[in-house]
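Remarks on the structure that follows.
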Amino acid sequence: MAATVWTLVRAQLALLARTPLALLAVLALPFAMLLALMLFIGFSFPTLEFGAMPGVRVIDRLLPETAGTVAASAGILVLTLHLSEMRDTGLLGRLRRSPMRDGAYILAQAIVAVVLVAASTALFMAVTFVFYGPPRTWHPLSLVAALLAVTYCSVSAGLLLGGLRMPRAGARIAAPLCFVLLFLGSGLGVPREGWEGVAPWFYQVTTVNPLAQLNDFVFGAYVGRLSETWPAAAGLVATAIVVNLVTRRVFNWEGTK
């Protein structure tokens, strides 16, 4: 099974490397968010410090939150569209009829998502550390653990959404729509506290947005503290486990025909 998983991982990574949407949704997204914030707010924005958190700059929060957003994109957007295309072209059905186990294919998708998130986070971290320097304190192992939790949630959602019995055109609408709604309600790349005084109603939206809760959890892990949103993050992981059980029953390998 290990050899099968490795073969599937290599094949999908090679396929995604030739897919502009995947590269944009994973590798370019953090830099696009940072550039947009600097253009609209100011180029000194990343180095500003939070009043309530002395020594913590905007970039120190933006880095883990963009990593969390990329983790969401890898599952909800990239994986959903990939599954839909594979099923529409008949490749998913042919894989199902091969000696390959279903679990091998699912595991390969999860590994690919982890690789994408790791590559994006490492690249963005390297660039921001060069330009702005590392934060005063940061905990890479805690960050990895938190990102794995977010990736698990997003891959679970992507498997369910991508496994539904709907045409490719429907997936091309549903996946971006779900991700955009999560992203827009997460704070638009601005730390949630920044909205509390500017637009209190929008701040309230971020308090119930799953991506905002997970990003808060990732940021807390990055700076070495337990986020107040950890119960929500734990609840989302538990929900993802239930989603996996549902996905096993409803996953459509053959298409709408």
Side-chain angles (χ1 to χ4, degrees), residues 6 8-40 43 45-46 58-86 108-135 138 140 143-159 161-162 171-172 175-184 186-191 211 214-215 218-219 221-222:
W6 176 237
L8 289 169
V9 168
R10 287 187 300 171
Q12 184 169 339
L13 287 175
L15 179 64
L16 291 176
R18 300 191 297 268
T19 306
L21 176 61
L23 298 179
L24 289 174
V26 176
L27 296 180
L29 180 60
F31 297 98
M33 291 171 59
L34 177 60
L35 180 60
L37 289 173
M38 290 193 298
L39 289 176
F40 282 99
F43 282 86
F45 178 66
V58 169
I59 191 63
D60 299 334
R61 175 142 198 171
L62 190 62
L63 191 154
E65 291 199 347
T66 54
T69 302
V70 166
S73 174
I76 297 173
L77 185 58
V78 177
L79 178 55
T80 299
L81 294 178
H82 170 73
L83 291 174
S84 175
E85 181 173 353
M86 289 281 287
Q109 304 313 305
I111 293 174
V112 167
V114 170
V115 171
L116 293 177
V117 174
S120 175
T121 303
L123 179 61
F124 190 59
M125 181 179 290
V127 173
T128 55
F129 278 18
V130 168
F131 282 94
Y132 304 110
W138 62 295
L143 174 65
V144 169
L147 285 177
L148 285 175
V150 179
T151 304
Y152 174 69
C153 292
S154 71
V155 168
S156 299
L159 287 172
L161 188 59
R172 287 180 173 177
L177 181 61
C178 288
F179 176 72
V180 168
L181 289 176
L182 286 172
F183 176 70
L184 293 179
S186 68
L188 295 171
V190 178
L211 182 56
L214 290 171
N215 280 345
V218 174
F219 167 66
Y222 181 63

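In this chain, numbering begins with 1 at the start of the sequence shown.
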- Nearest atoms (heavy-atom pairs only) where Leu77 meets Ala25: CD2-CB, 3.8 Å
- Item | Nearest heavy-atom neighbours spanning Leu79 and Gly158 | CD2-C, 4.2 Å
- Between the OG atom in Ser156 and the CD1 atom in Ile76, the distance rounded to the nearest 0.5 Å is 10.0 Å
- Task: Answer whether the closest heavy-atom distance between the side chains of Val117 and Val26 falls below 4.5 Å.
- Result: no
- Query: Using 30° and 60° as the class limits, which term best fits the ring planes of Tyr222 and Trp138: parallel, tilted or perpendicular?
  - Reply: tilted
- Message: Atom CZ of residue position Phe40 - does it have more than 12 heavy atoms of other residues, nucleotides or ligands inside 6.0 Å?
- Response: no
- Message: So His82 and Leu15, do their side chains get closer than 4.5 Å, heavy atoms only?
- Response: yes
Between side-chain atoms of residues 176-183 and protein atoms elsewhere (two or more places apart, or another chain), which donor-acceptor pairs fall under 3.5 Å?
none

- Does the pair Leu116 and Thr151 meet the rule for a side chain to side chain contact (heavy atoms under 4.5 Å, CB included), with working shown? CA-CA 10 Å; Leu116 293 177; Thr151 304; over 6 Å; no
- Query: Tell me the side chain to side chain donor-acceptor pair (under 3.5 Å) pairs involving residues 109-134, sequence neighbours left out?
  - Reply: Gln12-Gln109
- Student check: side-chain heavy atoms of Leu37 and Val58 closer than 4.5 Å: no
- Of all heavy-atom pairs linking Leu147 and Gly68, the shortest is CD2-N, 3.8 Å
- Task: Go through Leu29 and Phe124 one step at a time and tell me if the side chain to side chain contact (heavy atoms under 4.5 Å, CB included) criterion holds.
- Result: CA-CA 10 Å; Leu29 180 60; Phe124 190 59; over 6 Å; no
- Message: Distance check, rounded to the nearest 0.5 Å: Asp60 atom CG versus Glu65 atom CD?
- Response: 11.5 Å
- Mind checking whether Arg172 and Leu81 have side chains closer than 4.5 Å, heavy atoms only? yes
- Message: Distance check, rounded to the nearest 0.5 Å: Leu159 atom CG versus Ser154 atom OG?
- Response: 9.5 Å
- Message: I want to check something: taking the side chain as every heavy atom from C-beta on, are Pro46 and Leu62 in contact at a cut-off of under 4.5 Å?
- Response: no
- All heavy atoms of Leu63 vs all of Phe129, minimum pair found to be CD1-CE1, 4.0 Å
- Work out which heavy atom in Ala108 is nearest to a heavy atom in Leu8; give both atom names and the distance. CB-CB, 3.6 Å
